[in-house]
Amino acid sequence: MKLLVKRDFLAGAACLLLAFFVLWQGQEYALGSLQNMGPGYMPRMLGVGLVVCGVIIMAGSLRSSEALPRLNLRAFLFVTLAILSFALLMNRIGLFLATILLVFICSLSERRPRLIIGVPLSLGLCLVSYAVFIVGLNMPIRLFPWSF
Amino acid sequence: MELLDNLALGLSVAFTLENLMYCAMGVTIGMFIGVIPGIGHLAAISMLLPLTFYVPATTALVMLAGIYYGAQYGGSTASILLNLPGTPASAVVCLDGYPMAKSGRAGVALLMTTLASFVGSFITVIVLAAFAPPLATFAVSFNSADYFSMMLLGLVAAAILVQGAAVKGAAAVLIGLILGMVGTDVSTGIQRYAFGLPFLYDGLNIVAIAMGIFGVSEVIANVGKVKGVADTRKITLRSLIPTRKDLRESVMPMLRGTGIGTGVGILPGTGTAIASFLAYAVEKKVSRTPSKFGKGAIEGVTAPESANNAAAQSAFIPTLTLGIPGDAVMALMLGALLIHGITPGPNVITDNPGLFWGLVVSFLIGNVLLLILNIPLVGVWVRLLKVPYPLLYPSIILFIAIGVYSINYSHMDIMLVAFFGVIGCLLLLLGFEPAPLLLGYILGPMIEENFRRALILSRGDMMVFLERPVSATFIALSSLLLLWSAYSMIKERKEQGRAREGGLHGEG
C-alpha cells in the first residue's frame, strides 16, 4: 500500500509501462540487422533501455521515502479543458468567441474565480490577437461564426 | 583582414533599417517575456514564426534570436523581486538575488545582473565570431559516425546534469527519443507509432510538445500560488548604483560564469538552465566564504547570470555550424532557415556569409540595446510584475494555443498541447525533468539516421565509432561523464550510509 504513494516507485512503473507498450507495438516493425537496420531496430533498443532504467528507478525507490507531490487538480482540469475547447471550437465559432470561452474556463481554475475581470481581459485579448495575428501576421483565421 | 571584411559585411547587413527595427523589436519582446514569469521565449518565438514567411531569413533570425537572448536578460528581474524565476535559467538567481532585495539592495542586484548579462553575452558573441567559421570548416569533414557520437555526448550530458538521479535523466532522454520515432521512418518510409492517424505521419509537432511540457504544466503549477506583489517603490535610479566592492567582487565570477556558459552552451542539449546552475555551484566551491551564499552574495547573482547569457549565445555555435539544435528554440531557428531553402549544416556560413555575419553583428547591437533598455527603464520592467497572475495566465494559455496553431494551421496541434500539458504534469509529479526529454525528441530522428548510415557504411562494424578520431573523442568524453556520474552516486550513497550510522536521521 505504501508503495503506491512513493514517487520513484510510480516513476519506475510508468517507465516500464511505456517501455512495454513500445516493445509490444514495435514487434510490427522489421528488425533488420546491425548492418542494415530496419524500422524496428531503434524502438527495440530504446524499449529495452527504458526497461532497464525503470527497474533501476524502482529498485532505488525501496530506499527512499519521497512521497508524490500534490497536483493542483482544479487548475489541471480547467486549463486542459480550456485548451481542448479552444482547439475544437476555434474553427467553428471563430477566434473571438473561442478566446472569450478560453479565458472564462481558465479562470475557473482559481479557487475563488473572479469572473468579472474575465470580461475586460477577454475583450482585451481579442483586440490584441486581432492586431497581432490578423492585421500583423495576416493569418487565415475565422473571426466570427458567420465569417467565411 | 578576412575578419574585418566579414565584419564589414555583417555591419552592412545588420545596419539596414529593417534589420535594426526587427532587432529592436525582438529584444524588447524578449525582455518583456523574460520579466513576466510563466510565459517562455518559446511561446513568443513560435507565435512570431509565421513572420518568417514575409521577411528574409536573416531578418527573421535576427528577431527570433533577439527574443531568445533578450529573455535571458529579463529573467532575473522576477527572481530578484518576487523570488520567482522569470525563465527557468534564472531560478538560481532567486537564491541570492531575493535575499539581496530583502535587505534593500534590489536595485544593485538588478543593475549587476544586467551588467553580468551584458558581459556574458558580449564575450560569447566574440567567441562565436572567432570560432564558428573554423569549426564549420572542420565540420565539413565530419561523417555520420562523428555526428552520432557528438549527439550521443549531448544526450549523455543532458541526462547526467539533471537535478536528482541521473537514471531519471536517462529515462527522460529515452522517452524523448521514443517520442521522436513517431511518424514516418526516414529510411524506409514506414509509419511508426502513428496508429493510423494522418496528423502523426509527419511526427509530433515540436512546439506542441515543448509548450505542453514546459508552458502549460508551468501555468498549472503556478495558479493560485503566484502573488504579484513586488515592493517596487524602492527601485530608483540612485538605488541601482553598486558599491566598488560589489564591482570588484563580481569581475571574476562574471568571467568564470561566461566561460562555463560558453562551454555548456556549445554542447547540444545542455542549455541555459544547466549553465547557470553549474556557474553557481562553481562559485560556491571557489569562494573563500561559501557561507555567504544564499544570504545575498553578489557572486551568486552575477556568475549564473553571465553563464546563462553566454550559453544563450554559444548555443548558436552548434546550430549554425553543424545544424544540430541544442534545444527547442534552436530547432525552430533551423526551421526558419529551412523555410527559406537554407539547409542547416557546416555550409551555412560559407554559402550565406551575409546571414551569419549579419546575425553576429546584430547580436552585438541587440546586447547594447538591451543594456540601454534595462538601466534607465528599470522602473517600467519592475512595474510589469505588478500585473496579477489571474490576468496573466489565461493570456499565456491563449498565446500558447494560437502560437502552436500558427505553425501548421492545424487544430490537432492545439489538442496535442493539451495532451502534452497532461504529460508535463505527470513528469512534474513523478520527478522527471522535461529538458532532457525534449532534447531526446529533437535529436532522436537525427541520431537514428546517422547511426544507421554509419553502420551501413561500415557493414555493421561497431568499431567505426572508435576508429575515427573525432568520433572516438566524443565517445571518450561520454564515457568519462558516465563514469564521473557513477562515481559521485556511489560517493553520495556512502556518505548517506555514514550519516545514518552516525545517528543522523536525515534521509529515510
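Every chain is numbered from 1 and lettered A, B, ... according to where its sequence line falls, protein lines coming before strand lines.
Annotation for B/F32: atom CZ does not count as buried by contact number, only 12 or fewer foreign heavy atoms lying within 6.0 Å. For A/Y130, the OH atom is loosely surrounded, since the number of other residues' heavy atoms within 6.0 Å does not exceed 12.
Under the 4.5 Å side-chain criterion, counting only non-hydrogen atoms from C-beta, A/N91 is in contact with B/Y405. The side-chain heavy atoms of B/K168 and A/D8, taken from C-beta on, include a pair separated by under 4.5 Å. B/I402 places a side-chain heavy atom less than 4.5 Å from the side chain of A/L95. In this structure the side chain of A/M37 reaches within 4.5 angstrom of the side chain of B/F451, judged on heavy atoms.
Chosen from A/F78, A/F76, A/Y41, the residue pairing most often with chain B at heavy-atom distances under 4.5 Å is A/F76. With respect to chain A, the highest number of heavy-atom pairs below 4.5 Å among B/D185, B/D413, B/L429 belongs to B/L429. Chain A forms the most heavy-atom pairs under 4.5 Å with one residue out of B/C425, B/A170, B/G421, and that residue is B/C425. Of the residues considered (B/I175, B/V417, B/V173, B/L427), B/I175 shows the highest number of contacts with chain A, using heavy-atom pairs under 4.5 Å. In terms of heavy-atom pairs under 4.5 Å with chain A, the best-connected choice from B/I178, B/V216, B/L457 is B/I178. In terms of heavy-atom pairs under 4.5 angstrom with chain A, the leader among B/D461, B/I414, B/L430, B/L428 is B/L430. Most heavy-atom pairs under 4.5 Å with chain B: of the set A/G40, A/A87, A/G49, this distinction falls to A/A87.
From A/L46, atom CG reaches atom CD of B/E448 across 8.0 Å, with rounding to the nearest 0.5 Å. A/L34 CG to B/S458 OG: the interatomic distance, rounded to the nearest 0.5 Å, is 7.5 Å.
Only the side chain of B/M181 has a heavy atom closer than 4.5 Å to any heavy atom of chain A. Residue B/S406 touches chain A through both its backbone and its side chain, counting heavy-atom pairs closer than 4.5 Å. Looking at B/M412, there are no atoms closer than 4.5 Å to chain A (heavy atoms on both sides), in backbone or side chain. Looking at B/I456, the atoms closer than 4.5 Å to chain A (heavy atoms on both sides) sit in the backbone and in the side chain alike. In this structure, no portion of A/S122 lies under 4.5 Å from any heavy atom of chain B. Neither the backbone nor the side chain of B/F419 comes within less than 4.5 Å of any heavy atom of chain A. With a 4.5 angstrom heavy-atom cutoff, A/V52 does not touch chain B via any of its atoms. Within the 4.5 angstrom heavy-atom criterion, only side-chain atoms of A/L102, from C-beta onward, approach chain B.
Taking each heavy atom of B/R192 and A/P39 in turn, the nearest pair found is NH1-O, 2.7 Å. Shown here for A/I57 and B/A171, the closest heavy-atom pair between the two residues is CD1-CB, 4.1 Å. Contact record, A/T80 with B/I220: OG1-CD1, 4.5 Å, taken as the closest heavy-atom pair. B/A418 and A/L84 make their closest contact through CB-CD2, 3.7 Å (heavy atoms, listed as atom of the first residue, atom of the second, distance). Between B/L398 and A/L125, the closest heavy-atom pair is CD2-CB, 3.8 Å. The two residues A/S109 and B/Y393 come nearest to each other via the heavy atoms OG-OH, 3.3 Å.
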> Going through the checks in order, is the side chain to side chain contact (heavy atoms under 4.5 Å, CB included) test met by A/M42 and B/I447?
Replying inline: CA-CA 10 Å; A/M42 277 299 261; B/I447 241 182; 4.0 Å; yes
Got a list of side-chain donor-acceptor pairs under 3.5 Å for residues 10-33 of chain A, not counting sequence neighbours?
unit_1, atom_1, unit_2, atom_2, d
A/Y29, OH, B/Y193, N, 2.8
A/S33, OG, A/Q35, N, 3.4
A/S33, OG, A/N36, N, 3.2

